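The structure appears below as structure tokens.
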Protein chains: 2
Amino acid sequence: MDEAFSEEPGRQTQRSSASVTLEDVARVAGVTAMTVSRALHRPELVRSETQKRVLDAVRMTGYVPNMLAGALASNKSRLVALLLPTIATSIFTDTVQAMMDSLAASGYQTLLGLTGYSATREEELVHTLLGRRPDGIVLTGTDHTPLTLERLSKAKVPIVEIWDLTDDPIDMLVGFSHEAVGAAVARHLLAKGYQRFGVVSADDPRGLRRSHSVIWELQRHGVDHVPIEVLKAPATLQTGREGLIRMLKTGLPEVLVCSTDTLAQGILIEAASRGMNVPHDVAVMGFGDLNTAAHLHPALSTVRVDGPAVGTTAAEALLSRFNAKALEETAVLRVDVGFKIIDRESVAGYR
Amino acid sequence: MDEAFSEEPGRQTQRSSASVTLEDVARVAGVTAMTVSRALHRPELVRSETQKRVLDAVRMTGYVPNMLAGALASNKSRLVALLLPTIATSIFTDTVQAMMDSLAASGYQTLLGLTGYSATREEELVHTLLGRRPDGIVLTGTDHTPLTLERLSKAKVPIVEIWDLTDDPIDMLVGFSHEAVGAAVARHLLAKGYQRFGVVSADDPRGLRRSHSVIWELQRHGVDHVPIEVLKAPATLQTGREGLIRMLKTGLPEVLVCSTDTLAQGILIEAASRGMNVPHDVAVMGFGDLNTAAHLHPALSTVRVDGPAVGTTAAEALLSRFNAKALEETAVLRVDVGFKIIDRESVAGYR
DNA sequence: CTGTTAGCGCCTTCAA
DNA sequence: TTGAAGGCGCTAACAG
């Protein structure tokens, strides 16, 4: 090879995998790296003709900004960490979709972590996710281990807790009271004249609180001996079927209150497979408005929670924090998105 | 203040938000930053007594490794980008859960992007996600814009396409043939003696291919005039109800084939609300095994796809690539996970 | 087994 | 409106 010696060996440590850099673009455009950076992020600071040259160079080279480097240098990752118990149950999907849409529209990307309703797992995930230096963190629920809280406060990252309410949020909060849901459900069913109740619950923290709140409120109204079946989280249709089967053994009440629509639908399936008539043989109450208000099952009532609202509100809360210049303009956010009980009588008025 | 002058102003550009660095830990442990780094990532290279001192220092300082810096320096982000059409429909949730579990177990985090079944949106997402320099990318489906393909090939990142099969995958592939699904469904139903068919489909690419394949196969067997209702993606229970309503207008067949279990369940709900008897008045066939095989609705048949297997296989494919030293040991992966038709007759044998 | 040196690719700051 | 210098926090490579 004639050109064998044209290879400049040098010390050549750390060859990146030949990815195009700002400098490469700059060379092609005949400017400095700094000007390219400006043209890309603050075009108003660059002469429009330069701007054009830079954009052409970007196109020619196929430059993809290295956000790892950008984040390191600017101390802004444009990353939001989202911690969810699970995506196996559709109860959170609307929230996630809405949140990610809002964030993406503002140039933020989402790091997802699944905790499986385990506070310990959440603790680990918070730790590793903090390693990415996210600009914001979204946590599901308000129960966290002491270590989680310590790490979060140390990190000084904007935080939104969602899907629950508490008097001492870590930072911002978008949710509703699960106790209030349970109590409202109990009163709703009492008002309808039901007297014998049963509860089928997944053993996730918030589901249990809703379920127990139903029972407490019933007791307050003189209804004792409300049987409860607690089933493994996450709730699935199968879990729901199992719930009905167990309830049948202990004696079927007039109405079954479920911690989640998925359980409720499972119960409907099991009931159908046994030729039972819902709500005649047993009425079923769900939770979450998992496609329910709009798609109300003829035999199912439920509690509607506005999942998308939770997502957009949480996203906007974070975004406003990101854009706040001074600490003074950072609003304290605490939103109760509320909920609404939906059944055949109310659904017409609902949409 | 006596110590006002003890503040060393210097040039002090770019104060980070006071986060603990390797150097801080090193100082406390009485070693160099490099030794701390080793103690954390390659403990076998460090004397165990040093190791202990370092870990103590880490604990005392509350050090959280900055993975942005680590990724930049090592050219390994330990990030996997996952592009999904949507999480609104539960069809992908098992896959996601399984994949994230596998990846997390190996220290990889997941960046999520939702395309909404839009190739253009996918194109944008691939671009921005590539900015994070992920070590691997998982794409849903095999249809991508030319620009997407160009960017991906330029990035030289390991890629797995999931939930479909093709003869020219970008890189690795874990899925099944949607044409084969449709044809198998058609033959299955013909064998059962059905003669009048209808198809209800969401208008997502793979759903449509399954649906059309059903119709083609029926035609091959002499069944013409199979009506199809195409509804907006993503499929919801409400969409399913709408599907049945439309089908009732054009005349109800003996069996309705749905592109997804969600649609099928919506149809069951609408049927129930009209007092119709499934499968007597109309039989319903779903797809996806969304809780179905294990929780078989008495009136529903479906096609089981092993979602978790797709997830773990994809994750393991990526991981083996990440761990491969040489190009030669990187396996070409092309897995057909297959599928299975499930109905009341076969479900007993199924699990 | 541990330390030193030299970047990774970008952005902040200051100077022109 | 543009450029030059320096550093973000970490790790590869080499030296001891």
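What you see below is based on every heavy atom in this structure, not just the backbone, and it leaves out hydrogens, waters and symmetry mates. Chain letters run A, B, ... following the sequence lines, proteins first and then strands; every chain starts at 1. The model shown is predicted, which means the values in this text are computed figures rather than measured ones.
- Proximity of residues 33-46 of chain A to DNA chain C (heavy atom under 4.0 angstrom from any strand atom) is restricted to M34(A), S37(A), R38(A), H41(A).
- Applying the side chain to side chain contact (heavy atoms under 4.5 Å, CB included) test to R321(A) and every residue at least two apart in sequence or in another chain returns P158(A), D171(A), M172(A), T330(A).
- In this structure, E150(A) has no side-chain hydrogen bond (donor to acceptor under 3.5 Å, both in side chains) partners at least two apart in sequence or on a different chain.
- Across the interface with DNA chain C, nearest-nucleotide mapping of V31(B) and G70(A) shows V31(B) to be the residue nearer the 5′ end.
- The nearest whole Å value for the distance from the CD atom in E23(B) to the P atom in dT11(D) is 13 Å.
- Between the C1' atom of dG7(C) and the CG atom of L72(B) lies a distance of 9 Å, rounded to the nearest Å.
- The ring-ring contact (aromatic ring centres under 6.0 Å, His included) analysis of residues 125-163 of chain B, with sequence neighbours excluded, yields the pairs F92(B)-W163(B), W163(B)-F176(B).
- Side-chain proximity of S74(B) to dC11(C), dT11(D), dT2(C): nearest is dT11(D).
- Counting to the nearest Å, the C1' atom of dT11(D) and the CE atom of M67(B) are 14 Å from each other.
- Among residues two or more places apart in sequence or in another chain, the side chain to side chain contact (heavy atoms under 4.5 Å, CB included) test is passed with A69(A) by N66(A), L72(B).
- Partner of I137(B) under the side chain to side chain contact (heavy atoms under 4.5 Å, CB included) criterion, out of L111(B), L79(B), L129(B), L130(B): L130(B) alone.
- Legend: ring-ring contact (aromatic ring centres under 6.0 Å, His included) pairs involving residues 101-123 of chain B, not counting sequence neighbours, sorted by first then second residue: Y108(B)-F322(B).
- Listed pair T50(B) / dT2(C) meets the phosphate criterion, a side-chain N or O lying under 4.0 Å from OP1 or OP2.
- Atom P of nucleotide dT4(C) and atom CG of L22(B) are separated by 15 Å, given to the nearest angstrom.
- Spacing between atom OH of Y63(A) and atom P of dG9(C) amounts to 10 Å, rounded to whole angstrom units.
- In this structure, CG of D24(B) is placed 9 Å from P of dG9(D), rounded to the nearest angstrom.
- Remark: T32(A) is in phosphate contact with dG3(D), judged by side-chain N or O atoms under 4.0 Å from OP1 or OP2.
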Donor-acceptor pairs are to be reported for all side-chain atoms of residues 40-47 of chain B against protein atoms at under 3.5 Å, with residues two or more places apart or in another chain.
none

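- If you take CZ of R78(B) and C1' of dC8(C), they are 18 Å apart, rounded to a whole angstrom.
- Across the helix from dC1(C)-dG16(D) to dA16(C)-dT1(D), the helix axis at one end is tilted relative to the axis at the other end by 30° (nearest 10 degrees, each axis from five pairs).
- With rounding to whole Å, E49(B) atom CD is found 13 Å from dT2(C) atom C1'.
- Applying the side chain to side chain contact (heavy atoms under 4.5 Å, CB included) rule to V28(B) yields the partners A57(B), M60(B), T61(B); only residues at least two apart in sequence or on another chain are considered.
- Residues R53(A) and D56(A) are not paired through a salt bridge, judged by the lack of any N-O separation under 4.0 Å between the basic side chain and the carboxylate.
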